[in-house]
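Working notes, structure below.
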Amino acid sequence: MPATETNSPSPTEELSPQNPELEPEIDDEGEEFSPVHLFLEDFVVTSLLSAGRPLRGGDLSQRAENFALPRQSLREALKDSKAVVFEAREWDAIWRAKRRGQGREERSRQPVESMIRELMFAVGKPLPLAVIAREVSLMRNQYDPNMKTTVANVLKSARFVLEVAPDVWLHQDFVLTTGAPNETLLIRENNLQNDPDFQGLVEYAEITAKDAAGIARELMEFTGGPLSQKVIGFFVHRANPSVFSARSVAAALNDRKQFQPLLGGFVALQEQLGGLRAQVEDFLAQWSGPQLSRAEIQALLKQRVALSQVVAPQKEELEELKKLARNGDGTPLDLASVVLDVLDMEADDPKLVATLQGLNDTLRRDPDWMPAGIGHFLLRENIPAHVGQIPDVLRPVTLDVLDPETKEPFDFEMSDEGLEGDAAAFVHAAEWEDVAEEFEVRFERGETPSGTRIVVLNHHLRAETLKLRRMDEELFDLSSGLARLTFKTGNNDPLLTAWASRESGLIYGLGEWCEENLPPSGGTLHIEREGAQFLVSVDTPDAATFLTARRVEELETLRESARYLSLYEIMRRVLGDHPAGMEIAGIWAEVNVVRRTSKRLMASVLSGYQGFSWKQRGQNQILWSFDAARAEGGFKRNKRKFVRK
């Protein structure tokens, strides 16, 4: 049924602004209402009620299913909570914490009924008898085997509670009071005019259901979030006031298959909880990250305290760190986050340096951990087994195939003095660095670049790797031998996780994505740093090294027979297919499809035989070609002095 069907003023108009959308959403105490904050606070209170004891941040994080709960962020978000308090590195309910300084005798003076009233009002949601009895025992700080019976007797005679299910009770103040003679007074009596959702529901919501559960569902689907039981009760009462029962409404809303009771008399639909969890993560993100900068952490780690003052981590704390690392999908453990978040320390704690030193020293000695930069550690079990391994397809191969006439090897390496054309420059070019050839590269370190361009040749596409060139190490911030990298692809696809290993000189993890988005050879990636992540995009293919799928297939047919061929013979066949000549990078790309070879070996063979020649085309291009007629001349004798033994 429509909320209003006439042009006459609604009962709320004299109580609320005409345009509630222009007003901030506030509760009855003048504070802004946040469903996300309510859900977060409810999670902590529910966890404390379930545990029956104070909980540390780590305990709460482990109880958080399907959403992350950074402890530092949690402390910031709930620092002004009226339901929970964080003291001495533990969370506790406010009704327990306020009694910590009281003796048992002082606590026992408060009547059980008064304690129940205080508890039920602070929680504001249905509680089982066993939980109420346990909380009263904690508030009194004494064990009484008859407490459950005592509490049950109080609840049955108390007028401030409703039994919404067998042995499940709710404080009367959170359900609709229906003693008023008309709707206007009913709204005022229940303070509904100050509810952030009430006015909009009265004006715009169309309710078709007649039962309490159906009405509640329609209302919460309209608002998209939790509603108070009083607001729901108002619309149930409006639908059929003659048979309205506050207890029946509360009982319907206690159905956990459909609804989730929250603190303060609020209720959410079960299907809304996933969205609320996601909103909690976004809400907490504003406080994410350590409160100490990287530079500050490095400075603290440089400070040393006496060995007797070092605070070594406890065994259970080390296990907690492993659990944290396992849940982090390979993200390096940040000591700043550990001490501020996991160990619940403050940035100005006098024991911070001693604790940092103890953690740092312990993890460096522990074989289960690997340093990943100053103040960062990787759990070795999180590192994929193939990371750090060099696939065979990337290792240069040299065959000792002898010339039957001279009995000398067909293939040989020469020093730079024997190389011709652009061969020496190609051997030393930083952009063409590859596995086992790093020592050849010449480059000067400058300012840290913001981006880089990587040409992916066929042998790396087959190995599902990228070359980690030394010229790119500063871009990827490789302060240690291994780093976990996160890549965005420039669209809404999931983030890609990769690993960079300085030891192997390779980047792992982008292989499948490269195969889907790049040609068989010569595909070009542009990688740009964006904060802690990297944006990877596909650029125009490299003209010199680009190969079509058909050309790669042709070269692959040569691969099996080339197992016993010299590089000289392979290059004769490759260049024989390009009578107009090829750039040296293109020759290298094609030869590596057939068999992995080094730039120096290829450049030496090109420069050492009569059949290969080069010519300048334009200012920046040199083309190499093969002439079968000239090949009869064989090896250039004037090159012999440059051949490396």
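All values below were derived from every heavy atom in this structure, side-chain atoms included, with hydrogens, water molecules and symmetry-related copies excluded.
Taking the six-membered ring where tryptophan is involved, the planes of Phe283 and His37 are perpendicular, since the angle between them exceeds 60° and thus also 30°. Ring-plane geometry between Trp369 and Phe377 is classed as perpendicular, the angle between the planes exceeding 60 degrees on a 0 to 90 degree scale with a lower cut at 30.
Asp42 contributes a side-chain N or O that, together with a main-chain N or O of Leu263, makes up a donor-acceptor pair within less than 3.5 Å. Between the side chain of Gln258 and the backbone N or O of Gln270 there is no donor-acceptor pair closer than 3.5 Å. Side-chain atoms of Glu317 come within 3.5 Å of backbone atoms of Gln314 as a donor-acceptor pair (strictly under, hydrogens ignored). Between the side chain of His171 and the backbone N or O of Lys125, no donor-acceptor pair lies under 3.5 Å. Of the possible polar contacts, none joining the Arg56 side chain to the Glu90 backbone as a donor-acceptor pair under 3.5 Å is found. Side-chain atoms of Glu163 come within 3.5 Å of backbone N or O of Asp167 as a donor-acceptor pair. Proximity of a side-chain donor or acceptor of Arg188 to a complementary backbone N or O of Gln193 within less than 3.5 Å is not detected. Looking at Gln260, its side chain never comes within 3.5 Å of a backbone N or O of Ala268 through a donor-acceptor pair. No donor-acceptor distance shorter than 3.5 angstrom exists from the side chain of Asn254 to the backbone of Ala250, with no hydrogens or angles considered. With hydrogens and angles disregarded, no donor-acceptor distance shorter than 3.5 Å links the side chain of Ser47 to the backbone of Leu60.
No side-chain donor-acceptor contact under 3.5 Å links Gln172 and Arg247. There is no side-chain donor-acceptor pair under 3.5 Å between Gln142 and Ser108.
Ring centroid separation for the pair Phe121 and Phe174 comes in under the 6.0 Å cut-off.
In this structure the side chain of Phe86 never reaches within 4.5 angstrom of the side chain of Lys79, judged on heavy atoms. Put simply, the side chain of Leu227 reaches to within 4.5 Å of the side chain of Leu201, judged on heavy atoms. Here the side chains of Leu127 and Met120 are in contact, with some heavy-atom distance below 4.5 Å. In this structure, the side chains of Gln272 and Pro35 stay at 4.5 Å or more apart for every pair of heavy atoms. Glu118 has its side chain within reach of Lys98: a pair of non-hydrogen atoms, C-beta onward, lies under 4.5 Å apart. In this structure the side chain of Asp368 never reaches within 4.5 angstrom of the side chain of Glu381, judged on heavy atoms. Taking 4.5 Å as the limit, every side-chain heavy atom of Thr486 sits out of range of all side-chain heavy atoms of Phe534. With contacts defined as side-chain heavy-atom distances shorter than 4.5 Å, the pair Val161/Leu170 does not qualify.
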Practice prompt. Evaluate side chain to side chain contact (heavy atoms under 4.5 Å, CB included) for Leu262 paired with Val267, printing each intermediate quantity in order.
Written response: CA-CA 5 Å; Leu262 302 173; Val267 181; over 6 Å; no

Practice prompt. I would like to know whether Gln279 and Asp282 meet side chain to side chain donor-acceptor pair (under 3.5 Å); could you show each step before the answer?
Written response: CA-CA 5 Å; Gln279 292 177 51; Asp282 293 340; over 6 Å; no

Worksheet item: What's the verdict on salt bridge (charged side-chain N to carboxylate O under 4.0 Å, His left out) for Glu221 and Arg217, showing C-alpha distance, side-chain angles and the deciding distance?
Response: CA-CA 6 Å; Glu221 287 175 348; Arg217 175 170 291 278; 3.7 Å; yes

Discussion item. Set out, in order, the CA-CA distance, both residues' side-chain angles and the distance that settles salt bridge (charged side-chain N to carboxylate O under 4.0 Å, His left out) for Asp92 and Arg100, then state yes or no.
Written reply: CA-CA 11 Å; Asp92 206 356; Arg100 282 181 185 166; 3.2 Å; yes

Practice prompt. Could you walk me through whether Leu318 and Leu363 pass the side chain to side chain contact (heavy atoms under 4.5 Å, CB included) test, one step at a time?
Written response: CA-CA 9 Å; Leu318 291 176; Leu363 296 185; 4.1 Å; yes

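Judged as a side chain to side chain donor-acceptor pair (under 3.5 Å), and not counting sequence neighbours, Thr355 has no contacts. Considering only residues two or more places apart in sequence or on other chains, His237 meets the ring pair (Phe, Tyr, Trp, His ring centres under 6.0 Å) condition with Phe244.
A salt bridge is defined here as a Lys NZ or Arg NE, NH1 or NH2 lying under 4.0 Å from an Asp or Glu carboxylate O, and Arg140 with Glu105 fails to meet this definition.
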